[in-house]
Amino acid sequence: MTTYTFQSDARQRYQTSKRGQTVHVDGQSHSVRTLDANSFMTQVNGCLTRIRGVADGDNIHLHINGRACAVLRIDPTRASAASASESGGSSAAPMPGVVINWLVQPGCSVKAGDALLVIESMKLQMTIEAPQSGKLVDLPFAAGQTFQRGAVLARVVAEEVAA
Amino acid sequence: MIIKKLFIANRAEIALRIVRTAKRMGITTVVPWHARDHHGPALLVADEAVELQGEPPVSAWLDGQALIAAAIASGCDAIHPGYGFLSENATFARDVVRAGLIFVGPPAEVIQLMGDKITARQFATRCGVPVTPSADEADSPETFAERAAAIGFPLLIKGSAGGGGKGMQIVHNESTLAQCIATARAESLRYFGDGRLLAERFVEQPRHIEVQVFGDSHGQVIHLGERECSIQRRFQKLIEETPAPSLTPEFRQRICDAAVRLAREAGYVNAGTVECIVSPSGEFFFLEMNTRLQVEHPVTEMVTGLDLVEWQLRVAQGEELPMRQSDIRWHGSAIECRILAEDADAGFVPDTGKVLLLNEPQGPGVRFDCGITQGAAVTADFDSMLAKLVVHGATRDLAISRLRQALAETVMLGVTINADFLGRVLAHPAFQSGETDTGFLERHKADLQPADWTEDERRALVAVAAALGRETHKNTISEPYASMGAWRN
């Protein structure tokens, strides 16, 4: 299950899952035929339509019927990092899971968005990123340890506060 | 004097366009590049490339001495300036000739005469070419505001050394006159280093119509017809076409004759364009003369079947014009759209980025003069024009229809371009019926808004994003998990 949203309208989110040439978008199935690495055919308003696209990280640029737009792949860890920064520098687990490994040791200085640790939740691997720049003061769960949804996985204290 | 090796003091699409003609004529070509502009398509086609230095990069294309030195060092015997940069700089034209090279353009004196709006207008008046009523600040700076007001409102205040819409102010009544003069002066000083101002009658709902002229060094001057360039934003052209819709044959003849008269009197040599505005009541007024090849020259090439760069090079070699006026024929209708890196729906703000996916439109009657290659970065270092899409059809309707299809096939993903917006302009009934004037985009703003995506379109787009997304998602997870992928069902 991967979530996408339009850059122009981030409120509406779309859940997708993929099986071969069929992509389910919010439960509706779409047959997507691949013409080449950047060209696809799918039904739009009852017409088989060519859509071109290219991915730039999580940003997917698309072109349909003469119009371009960008779709954003939502990384659940980014979302949790964003909410974490509001909650003062800690990264909370988006789902229950297990820690796979640490990428940074506690005590290091990190920048916002730096990868801190890898977790696995419901067979999906995710990287937890630093919610803000500062000093990584705590990684409460070691590799192999399980945690519950909402558990704090990392604490980053802004440098000026730490000093 | 035969040109054997040509230095093109330009970049992007126009450099490529000149290289193509020169090569066809058996002339060896040299194009410059810069560390921050090395993705130009001309570099792939030209015989040689020379690196330029300069910071900001645009300064390299404005350094006349360095360009001339590069041309000489690479063994060139002529310089083609293209458009923009130094193409209308009389000092550069003179220096090129003094260095013993051929300047592909008019003599420096003519560039100088036409380069100053005030002397150009005076010259036009002497040639019997009408100009709008105006007031020149230089005549008597103390009474400038008074004399400007006496012309009547609305008024246009502009820098006498200006161009490209910079430093222009429209004054609707006397109460804002002082403020507009101050703003125009500040902008003129900033852009052109010259604060001298000119006030002239502002013709409301004017059409921008220009005439392509060509002269040779044997005293012959002819015209290659007119172009209408009324679809503009911020005084800059977006769509250009020929023939101008809704011009009577008599009017066309009058304006073309006036342009030829002006060029002949000026001793004009090589390609030039006489720009006019035409009022709704059918008067025309001389605006300015551009002493170079225009961005929109391809529409003239499409309907005449001629190669204007070939003519430029032949004339620069001292040859006579290849054809006489009576031999020129015009067939059908041609329209050009400027593909710009800008968000037209957000107030035409320029955009930057990397062109991750490029698709050039093709088809009968379609010409795509492209200045970028896939993978190239579009930066704020240069102009936002990335390409020109030009189409030809036996009728204007066919040209519009072909252009709309070609625009829909124009893909430059990674940077916002105006192709979709241009398509909406072409689809507008007022454009299709030829009701074009320079206020078109402002007047039809509401009709030109993009439609919302339908829910069906959105889901289809997301489905394709999902089809694309997985392979390209950057995995920061260490081995062996990374090689197993995100899903481990």
Side-chain angles (χ1 to χ4, degrees), chain A residues 2 4-6 8-9 12 14-18 21-26 28-32 34 37-40 42-46 49 51-73 75 100-101 103 115 118 120 123-127 129, chain B residues 343 345 353-359 361 374 404-424 427 450-478 481-482 484-489:
Chain A
T2 311
Y4 290 91
T5 188
F6 281 80
S8 53
D9 179 12
Q12 195 172 349
Y14 297 83
Q15 301 291 334
T16 67
S17 62
K18 193 162 63 168
Q21 292 206 343
T22 304
V23 179
H24 288 271
V25 180
D26 287 348
Q28 284 194 31
S29 79
H30 290 256
S31 168
V32 178
T34 304
N38 300 104
S39 296
F40 304 85
T42 191
Q43 292 274 342
V44 183
N45 301 322
T49 305
I51 299 181
R52 292 183 219 245
V54 62
D56 181 18
D58 285 339
N59 221 339
I60 295 133
H61 300 274
L62 297 160
H63 188 271
I64 175 176
N65 294 332
R67 269 179 97 177
C69 68
V71 164
L72 196 64
R73 180 188 191 277
D75 191 330
I100 300 296
N101 61 342
L103 302 174
V118 179
E120 185 187 307
K123 297 182 180 174
L124 177 63
Q125 299 245 330
M126 282 177 272
T127 307
E129 299 171 348
Chain B
D343 189 345
D345 300 320
K354 194 172 181 182
V355 180
L356 302 166
L357 185 68
L358 172 68
N359 184 66
Q374 186 167 302
R404 289 178 65 188
Q405 186 182 14
L407 278 168
E409 288 174 9
T410 304
V411 181
M412 291 183 188
L413 290 181
V415 61
T416 306
I417 60 167
N418 62 344
D420 177 42
F421 174 78
L422 292 167
R424 279 177 262 142
D452 275 340
W453 299 100
T454 65
E455 208 41 48
D456 214 34
E457 283 173 324
R458 285 171 181 262
R459 276 197 303 272
L461 287 163
V462 168
V464 170
L468 258 169
R470 184 173 149 193
E471 288 77 17
T472 53
H473 173 54
K474 279 210 190 81
N475 209 329
T476 51
I477 300 163
S478 56
Y481 301 101
M484 297 166 80
W487 295 94
R488 297 199 284 134
N489 285 312

Restricting to non-hydrogen atoms, name the atom on [X] and the atom on [Y] that form the minimum distance, rounded to 0.1 Å.
X	Y	result
V23(A)	A466(B)	CG1-CB, 3.7 Å
P450(B)	R67(A)	CB-NH2, 3.6 Å
A460(B)	T42(A)	CB-CG2, 3.9 Å
W453(B)	C69(A)	CZ2-CB, 3.6 Å
F40(A)	A467(B)	CE2-CB, 4.2 Å
L468(B)	V54(A)	CD1-N, 3.7 Å

When only pairs under 4.5 Å are counted, which of [options] shares the most heavy-atom pairs with chain B?
options	value
D26(A), T34(A), V71(A), N45(A)	N45(A)
I64(A), N65(A), T49(A)	I64(A)
T5(A), V25(A), V44(A)	V25(A)

Atom pair [atom1] ([X]) and [atom2] ([Y]), whose distance is rounded to the nearest 0.5 Å:
X	Y	atom1	atom2	answer
S8(A)	D452(B)	OG	CG	9.0 Å
N38(A)	L357(B)	CG	CG	4.5 Å
E409(B)	R52(A)	CD	CZ	7.0 Å

Select one option (side chain, backbone, both, neither) describing which atoms of [X] are under 4.5 Å from chain B's heavy atoms.
X	answer
V32(A)	side chain
A37(A)	backbone
H63(A)	both

| Member of T2(A), I60(A), T16(A) meeting the side-chain contact (heavy atoms from CB on, under 4.5 Å) criterion with V462(B) | T16(A)
| note | Applying side chain to side chain contact (heavy atoms under 4.5 Å, CB included) to D9(A) and not counting sequence neighbours gives R11(A), Q12(A), R458(B)
| field | Top contributor to chain A interface from G414(B), A419(B), G423(B) [non-hydrogen pairs under 4.5 Å] | value |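 Highest number of pairs under 4.5 Å: G414(B).
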| task | Please check if atom CD in Q43(A) has more than 12 non-hydrogen atoms from other residues, nucleotides or ligands closer than 6.0 Å. | result | yes
| request: Heavy-atom distances under 4.5 Å only: say whether T416(B) touches chain A with side chain, backbone, both or neither. | output: neither
| query | Side chain, backbone, both or neither: which part of Q405(B) has an atom under 4.5 Å from a heavy atom of chain A? | reply |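 When you check distances to chain A, no heavy atom of Q405(B) falls under 4.5 Å.
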